[in-house]
Number of protein chains: 2
Amino acid sequence: MVEFATLRLEDGVPIYLQIIRHVKAGIAAGTVVDGEELPSRRALSALLGVNPNTIQKAFRLLEEEGWLQSHTGAKSLISATAKQVETLRKNLPDYQARAFVRSMKALGATCADTVALVETLWKEEESE
Amino acid sequence: MVEFATLRLEDGVPIYLQIIRHVKAGIAAGTVVDGEELPSRRALSALLGVNPNTIQKAFRLLEEEGWLQSHTGAKSLISATAKQVETLRKNLPDYQARAFVRSMKALGATCADTVALVETLWKEEESE
DNA sequence: AAAAGTGTACTATGGATATAATACACTTAG
DNA sequence: CTAAGTGTATTATATCCATAGTACACTTTT
């Protein structure tokens, strides 16, 4: 069962996009695998405290992109071929790191400062 | 005059927030200083290709937060005390780095991999 | 003084996001 | 088999984001 208990919704970003990102991140990290069950729309809606339609929108888009399969009446399942996972694992970190580097440069930070900051925060967040 | 020519608008984030972020980043980086002139609402609207009302919203919020001063009929000016700048320079990089570390952990990356990726991309983007 | 530029305010419209409330067909568990 | 659970669809409403057009008072430039 794909876990959503750790997902903390932040505002400023559409909820349905955060749900999509959470699923893709799980697949890229290897904690979510092909064939795995997803919680029902209603159950996830209750867990996150959002409208069922919002969950449905996220799941519908994920299905259109080929990341899950749905059959009326039955639970939805993750669908991720080895090739899909490989592409995701390459592109996701790269995309996020690029955006981060750009924003740190805009702040006038140096490469060394940035790396040091990342290392410090990485250890900080390990103890939580 | 505060520069906006380098600002590339991305979708998924409200335009007025990107403008606010751009100004704050400039102040934190030291390229935008107290008393500096901002382009007029209409001029910036034309430069970025967005509605004047959107620019006005960004500037109004910046003024409410104390980052600029406006007087009807005259150009708006940056307002940034040393204390304000100091706080910004500390908090902005920290906030962005925290979000980055969290997202890389969600992807299952290690600290070493992440640092290596940042260093690689940092040099790549220098040649552009 | 006159003209151009500037900040500000207002109404109206459309799209995206999210919620709310139903409804129905299908699958699964009892 | 029956009931509960599930995917799916629909309509309605509210808010935010962005655009469009207009208007007016003030400042700066000419």
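Note on naming: letters A, B, ... go to the chains in the order of the sequence lines (proteins, then strands), and numbering restarts at 1 for each one.
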Self-check item: Ion pair check, E10(A) and R98(B), cut-off under 4.0 Å
Solution: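 Here E10(A) does not pair with R98(B) in a salt bridge, since their nearest N and O are not under 4.0 Å apart.
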Quiz prompt | E64(B)/R60(B) salt bridge by N-O under 4.0 Å criterion | solution =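 Yes, charged N to carboxylate O under 4.0 Å.
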Find the distance [X]:[atom1] to [N]:[atom2] and express it as a whole number of Å.
X	N	atom1	atom2	result
I55(A)	dA20(C)	CD1	C1'	15 Å
Q56(B)	dA9(C)	CD	C1'	9 Å
R60(A)	dA18(C)	CZ	P	13 Å
E64(A)	dG7(D)	CD	P	16 Å
N51(A)	dA21(C)	CG	P	9 Å

OP1 or OP2 of [N] under 4.0 Å from side-chain N/O of [X]:
X	N	answer
T54(A)	dT17(C)	no
K57(A)	dT17(C)	yes
S76(A)	dG7(D)	yes

Quiz item: For residues 34-45 of chain A, which residues have at least one heavy atom under 4.0 Å from DNA chain D?
Solution: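 By residue number: S40(A), R41(A), R42(A).
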Practice problem: Taking only heavy atoms on the protein side, list every residue of residues 2-21 of chain A lying under 4.0 Å from any atom of DNA chain D, sorted numerically. | Solution: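 Nothing qualifies; none.
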Exercise. With H22(B) as reference, evaluate L9(B), V32(B), L7(B), L17(B) under the side chain to side chain contact (heavy atoms under 4.5 Å, CB included) test and give the passing residue.
Key: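 By the side chain to side chain contact (heavy atoms under 4.5 Å, CB included) criterion, H22(B) pairs with just one of L9(B), V32(B), L7(B), L17(B): L7(B).
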Quiz item: Any side-chain donor-acceptor pair under 3.5 Å between T110(B) and D113(B)?
Solution: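 Present: a donor and an acceptor within the cut-off.
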Exercise. Find the distance between CG (L62(A)) and NZ (K57(A)) and round it off to the nearest 0.5 Å.
Key: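 Interatomic distance, L62(A) CG to K57(A) NZ, rounded to 0.5 Å: 12.5 Å.
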